[in-house]
Amino acid sequence: MKTEVVLLGMHINIASQARRRWLVVLIYAGFAALGTAWFFVSGHFGGMFLGWLILFGFMFLGRFLGGRSSSGGLLPPLERDDGDERELHRRDHAYFMAYKWWDLTLVPALVAVGLKNNSFYATWDPVVRGLIDRLPVGLLAGAVVLYYTLPQVILLWTEPDMEPQG
């Protein structure tokens, strides 16, 4: 794993576990802020702009973390033919932990759809109905972000302190 990240020309040392954890928190906080902003302005031109910004941020995050490609991200590629048995076990365990309860992230979206399909929906305030109309899509978008990023983030979060590369 790399111990230094170059982000917009700045060299950031992530050899310590605390710095990597801050990086994970900042990444997810950024996505949460963009998702919340998109949720409240969708339907306007700004909503389309924020949607594209989220999409490009998601693509940047995939490139940054290294995902499934050998693009040189923070993490090594996830092919099964490289690394020793301990590394393969860590990756398998990260996938197991990431997807063990992932299906529960879909439950809030199902509940939001259920809120729309009740007999009281027509009597609610139009603002509340507008928010509930957008809620399933926003929750599903958050579930997709978790689906694609959680294994790599678990590896970043649990990796102990590293020695800097010489």
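Only heavy atoms go into these numbers, but all of them, side chains included; no hydrogens, no water, no symmetry mates. A quick note: this is a predicted structure, and the numbers were derived from the prediction, not measured.
- To the nearest 0.5 Å, the span separating CZ on Arg21 from CD1 on Ile14 amounts to 13.5 Å.
- Scanning for side-chain hydrogen bond (donor to acceptor under 3.5 Å, both in side chains) contacts around Asp133 gives Tyr121, with sequence neighbours left out.
- Residues Arg90 and Leu155 come closest through the heavy atom pair NH2-O, 3.6 Å.
- When side chains are defined from C-beta on, Ile154 does not count as touching His93, because their heavy atoms never get closer than 4.5 Å.
- Clustering ILVMFWY residues whenever any of their side-chain heavy atoms sit less than 4.5 angstrom apart, transitively, puts Val25 in the very cluster that holds Val145.
- Put simply, Val153 and Met97 are part of the same group of oily side chains (I, L, V, M, F, W, Y) that touch within less than 4.5 Å, one to the next.
- To the nearest 0.5 Å, atoms CG (Asp125) and CG (Leu131) are separated by 9.5 Å.
- Partners of Ser16 by side-chain hydrogen bond (donor to acceptor under 3.5 Å, both in side chains), not counting sequence neighbours: none found.
- Grouping the Ile, Leu, Val, Met, Phe, Trp and Tyr side chains by contacts below 4.5 angstrom, directly or via other members, places Val128 apart from Val113.
- Taking the side chain as every heavy atom from C-beta outward, Phe120 and Leu115 never approach each other to under 4.5 Å.
- For the pair Leu150/Tyr95, no side-chain contact is recorded, criterion being any heavy-atom separation below 4.5 Å from C-beta on.
- Looking at heavy atoms from C-beta onward, Leu140 lies in side-chain contact with Leu106 at the 4.5 angstrom threshold.
- A heavy-atom distance below 4.5 Å is found between the side chains of Arg20 and Glu159.
- When every heavy atom of Pro151 is checked against every heavy atom of Ala94, the shortest pair comes out as O-CB, 3.8 Å.
- When atom types are taken as modelled, the side chain of Tyr99 and the backbone of Tyr147 share a donor-acceptor pair closer than 3.5 angstrom.
- Around atom CH2 of Trp22, no more than 12 heavy atoms belonging to other residues, nucleotides or ligands sit under 6.0 Å away.
- Leu146 and Val107 sit in two unconnected hydrophobic clusters of ILVMFWY residues. Membership requires side-chain heavy atoms under 4.5 Å apart, directly or through other members.
- Residues Thr149 and Tyr28 are in side-chain contact: their nearest non-hydrogen atoms beyond the backbone lie under 4.5 Å apart.
- Using a 4.5 Å heavy-atom threshold, the side chains of Trp124 and Asn118 count as touching.
- His89 is not listed as a side-chain neighbour of Glu85, based on a closest heavy-atom distance of 4.5 Å or more.
- Here the shortest heavy-atom pairing between Ala112 and Leu139 reads CB-CD1, 4.4 Å.
- Looking at every heavy atom in both residues, Asn13 comes nearest to Arg19 through O-CD, 2.8 Å.
- Residues Tyr148 and Trp101 do not share a hydrophobic cluster, defined by chaining ILVMFWY side chains whose heavy atoms lie under 4.5 Å apart.
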